[in-house]
Amino acid sequence: MDNKEIASIFNQIAELLEIKQDNPFKIRAYQRAARNLESLSVDLTDVYRSGGLKALQEIPGIGHDLSLKIEEYLKTGKIASQKALAREFPKGILELINIPGMGPKTAQLLYKKLGIDSLNKLKMAAQAGKLQHLPGMGEKKEANILRGIGFKEASHGRFLLDDATVHAAMIVEELEKLKEAKKILPCGSLRRGQETVGDLDILVISDKPKPIMDKFVSLKLVKSVLAHGETKSAIVMHNGMQADLRVVPAKSFGAAAHYFTGSKGHNIHIRQLAQKKGWKVSEYGIFDAKGRQIGGQTEEEMFSKFGLQYIPPELREMRGEFTAAAAGKIPRLIELGDIRGDLHMHTTATDGENSLEEMAKAAKHLAYEYILITDHTQSTRVAHGLDAGKSSANLHKIKLAAKNISGIRLLAGAEIDILPDGSLDLPGEIIKQLDLAVLAVHSNFKMPREQMTARIIKAMQRLPGSILAHPTGRLLGEREAYAVDLNAVIKAAAKYRCILEVNAHPKRLDLTDFYCRAAKAAGVKIAISTDAHATDQLGLMKYGVITARRGWLEKQDVVNTWPLAKLQRVCGF
DNA sequence: GCCGTTTTCGGCCCGACTGTTTTCAGTCG
């Protein structure tokens with residue numbers, strides 16, 4: 001997809017213009033355009049194909065000039081002005097301004113005065129104490145830069161959603177012990193449910209910030225303290241994750257929660273709406289022209305004051321949420337409590353850790369009505385996949401167990417490998433015995449995009465009404481998605497009544513939010529499944545649900561919110 | 001460079017923390 005690529009080029013142009021100390025508003029224009037492209041819910045190629053430059057200019061932040069640059073990229077694969085700009089500076093200078101604590105001004109100073117144009121040169125100069133004598137610099141700044149380099153080298157970049165969730169909970173648990181903390185809310189990209197989280201943003205409501213700040217910076221999980229102020233502190237934890245804490249009074253709760261949740265683009269938009277009314281929005285509230293607070297105690301007010309419907313955190317990505325909210329068209333998003341079953345899980349028959357009975361019992365605890373048991377087929381050897389005979393025996397076993405287990409309906413399924421030629425790794429007569437089939441690619445990930453797309457579509461065509469599991473095969477932080485034309489897959493899913501899976505495992509979260517929305521628009525139904533390999537993994541469902549929420553999905557879009565009877569009727573078993 | 005039921009020119013989100021200053025610049029979110 002070109003959206004991210006172009007966004008990255010615009011960001012790079014912004015960085016270069018910053019070093020050049022160009023017009024700051026021009027820089028912001030590039031940054032804003034990049035942000036909007038990153039979160040765009042349509043493919044730029046499609047936008048351009050459908051309406052040319054004019055259609056591109058309908059994207060917020062894209063005007064005459066930038067639409068031409070996008071066109072240039074789509075046609076030639078590069079943007080000449082970026083190349084020209086990059087030639088004005090040594091290559092390494094961009095990595096300098098990405099060091100925490102270093103910005104364009106400092107980078108420029110160090111380049112001009114000391115000829116520093118790489119991370120390595122910077123490190124050596126700082127260690128030799130050459131930075132502290134420059135104007136505006138000092139011992140502490142030099143030490144800070146060295147720390148920033150260390151932080152960057154040790155930094156893990158982004159963290160998985162469950163990792164971030166667990167660490168946020170650990171901080172919340174400690175802060176809750178303080179009587180001064182009236183309310184604690186993890187915000188930021190974690191609250192918006194982004195697939196990975198860069199850092200934690202935790203909001204605390206209190207009239208006495210000091211004890212909270214002091215406790216926060218001295219928690220056991222703190223590796224180093226980046227900032228320790230009266231109402232705002234920042235720390236780095238032992239796992240390399242950064243956490244920011246902010247304390248505001250109760251009357252500012254809504255405004256602060258909104259501000260701290262983001263996204264950045266969403267926040268800026270609200271503040272611009274306020275400006276137009278002659279008001280001001282900050283993390284402390286909504287204020288009129290005379291500086292009186294007229295809203296912001298609750299988060300609902302942050303929208304209602306502007307005549308907008310409440311926008312759930314997962315939708316605050318500048319993907320059309322303001323237009324929808326103004327028109328009263330914010331969907332009623334699916335909730336974890338809507339889930340009635342799990343349609344993808346493994347048992348000891350293949351690579352699961354728990355037996356059929358144990359999985360059923362755990363699912364009953366979650367008050368599920370049904371589960372689909374989906375052990376692997378023979379091609380997936382690493383997972384001890386079952387051949388035709390063993391698959392058949394396993395199905396009998398599931399059906400027998402279904403009769404003996406009360407309170408939950410066990411459905412007999414299989415996770416059938418889609419072989420490289422698009423055929424299925426289980427004979428037709430055994431497939432017939434399944435209640436519901438899950439199809440998945442587990443091999444030959446390196447196929448060319450056209451072949452992979454054809455392979456998957458062929459499999460769906462062979463087995464209409466099945467579920468396509470983890471449609472891109474990605475493992476966040478480990479393995480790239482295989483090349484596949486998901487728009488074509490979605491189209492085929494609509495044609496063959498196939499269901500697309502949102503795999504709830506924090507490493508997968510695939511389908512992504514972006515394509516959930518595309519699937520919905522195409523009338524394709526979604527299954528949110530955990531792919532659990534042990535009883536405790538059934539609890540990962542919440543991450544799938546939040547991804548579906550980010551894809552604007554409602555209860556009726558997700559098949560495993562349906563009662564069993566409806567699922568049987570629609571899927572025909 | 002974008003944008004406009006006040007404007008096609010003149011605006012452009014808002015505030016905290018740090019360090020080097022002695023009133024503020026740079027950076028961050």
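Order of the sequence lines sets the chain letters (A, B, ...), proteins ahead of strands, with each chain counted from 1.
- Taking 3.5 Å as the limit, the base of dG29(B) and the side chain of Tyr259(A) contain a donor-acceptor pair of atoms between them.
- Searching all strands for a Watson-Crick or G-U wobble partner of dC9(B) with both distances below 3.5 Å returns dG4(B).
- Ionic pairing of Asp201(A) and Arg191(A) is not present here: no N-O contact between side-chain nitrogen and carboxylate oxygen is shorter than 4.0 angstrom.
- Atom-to-atom, NE2 of His258(A) to P of dC14(B) comes out at 14 Å; the value is rounded to the nearest Å.
- Nucleotides dA16(B) and dG11(B) place their P atoms 26 Å apart, quoted to the nearest Å.
- Side chains of His266(A) and His258(A): a donor-acceptor N/O pair is present below 3.5 angstrom, by distance only.
- Picking from dG15(B), dC13(B), dT20(B) the nucleotide with the shortest atom distance to the side chain of Ile268(A) gives dC13(B).
- Residue Asp201(A) places no side-chain atom within donor-acceptor reach of the base of dG29(B), judged by atom type and a 3.5 Å distance cut-off alone.
- Across dG19(B), dC17(B), dG26(B), the shortest atom-to-atom separation from the side chain of Lys140(A) is found for dG19(B).
- Within the nucleic acid shown, Lys280(A) comes within 4.0 Å of sugar-phosphate atoms alone, with no base atom in reach, counting heavy atoms only.
- Residues Arg246(A) and Tyr30(A) both approach DNA chain B. Their nearest nucleotides, taken by heavy-atom distance, put Tyr30(A) toward the 5′ side.
- Comment: Lys4(A) does not engage Glu38(A) in a salt bridge, judged by the lack of any side-chain N to carboxylate O separation of less than 4.0 angstrom.
- Among dC13(B), dC3(B), dG1(B), the nucleotide with an atom closest to any side-chain atom of Ala29(A) is dG1(B).
- Classification of Asp117(A) and Lys121(A) as a salt-bridged pair holds, one side-chain N sitting under 4.0 Å from a carboxylate O.
- Look at Lys141(A) and you won't find any side-chain N or O under 4.0 angstrom from OP1 or OP2 of dG19(B).
- Among the atoms of the strands shown, none is found under 4.0 Å from any heavy atom of His269(A).
- Rounded to whole Å, the distance from CD on Gln293(A) to P on dG15(B) is 13 Å.
- Taking atom C1' on both dT22(B) and dG15(B), the two are 22 Å apart, rounded to the nearest angstrom.
- Checked against dG15(B), dT18(B), dC14(B), the side chain of Arg271(A) finds its nearest nucleotide in dC14(B).
- Taking atom CE of residue Met318(A) and atom P of nucleotide dC13(B), one finds them 12 Å apart after rounding to whole Å.
- Across the P atoms, dG10(B) and dT21(B) are found 39 Å apart, a figure rounded to whole Å.
- With DNA chain B read from its 5' end, the first of the two nearest nucleotides for Ser282(A) and Ser67(A) is the one closest to Ser67(A).
- Using a 4.0 Å heavy-atom cutoff across all strands shown, Leu273(A) reaches no nucleic acid atom at all.
- Going from the P atom of dT6(B) to that of dC17(B) covers 37 Å, rounded to whole Å.
- In this entry the distance linking CD1 of Ile13(A) with C1' of dG1(B) reads 11 Å, nearest Å.
- Heavy atoms of Glu139(A) sit under 4.0 angstrom from primed sugar atoms or phosphate atoms, though from no base atom.
- The closest side-chain heavy-atom distance from Glu195(A) to Thr512(A) is below 4.5 Å.
- Checked for salt-bridge contact, Glu72(A) and Lys75(A) miss the test: no charged N lies under 4.0 Å from a carboxylate O.
- No contact: Asn267(A) has no heavy atom under 4.0 Å from any strand.
- Here the side chain of Pro104(A) is nearest to one of dG1(B), dT27(B), dA16(B), namely dT27(B).
- Contact annotation: Lys232(A) side-chain N/O to dA16(B) OP1/OP2 distance is not under 4.0 Å.
- When the nucleotides dT27(B), dC17(B), dG15(B) are ranked by their closest atom to the side chain of Glu230(A), dC17(B) comes out on top.
- Atom NE2 of His228(A) and atom P of dC17(B) are 10 Å apart (whole Å).
- The side chain of Phe25(A) sits closest to dC12(B) out of dT27(B), dC12(B), dG15(B).
- Across the protein-nucleic acid pair, Lys277(A) atom NZ and dC13(B) atom C1' stand 17 Å apart, rounded to whole Å.
- Put simply, CG on Asn11(A) is 15 Å from C1' on dG1(B), counting in whole angstrom units.
- Glu18(A) places its CD atom 8 Å from the P atom of dT27(B), with the value rounded to the nearest Å.
- Within the nucleic acid shown, Asn144(A) has no heavy atom closer than 4.0 Å to any nucleic acid atom.
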Phe306(A) vs Trp279(A), ring-ring contact (aromatic ring centres under 6.0 Å, His included): CA-CA, chis, key distance, verdict
CA-CA 11 Å; Phe306(A) 298 97; Trp279(A) 300 345; 5.7 Å; yes

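- Backbone-only engagement by Thr231(A) is indicated by non-hydrogen atom pairs under 4.0 Å involving sugar-phosphate atoms exclusively.
- The residue Ile270(A) sits apart from the nucleic acid: no heavy atom pair falls under 4.0 Å.
- Looking at heavy-atom distances under 4.0 Å, Pro100(A) makes contact with sugar-phosphate atoms alone, never a base.
- Salt bridge Lys520(A)/Glu554(A): present, at least one basic N to carboxylate O contact under 4.0 Å.
- Using C1' as the reference atom, dC13(B) and dT8(B) are 23 Å apart when rounded to the nearest Å.
- The phosphate of dC13(B) has neither OP1 nor OP2 within less than 4.0 Å of any side-chain N or O from Gln275(A).
- For the C1' atom pair drawn from dA25(B) and dT20(B), the interatomic distance equals 9 Å after rounding to whole Å.
- Taking atom C1' on both nucleotides, dC9(B) is separated from dC14(B) by 25 Å, rounded to a whole Å.
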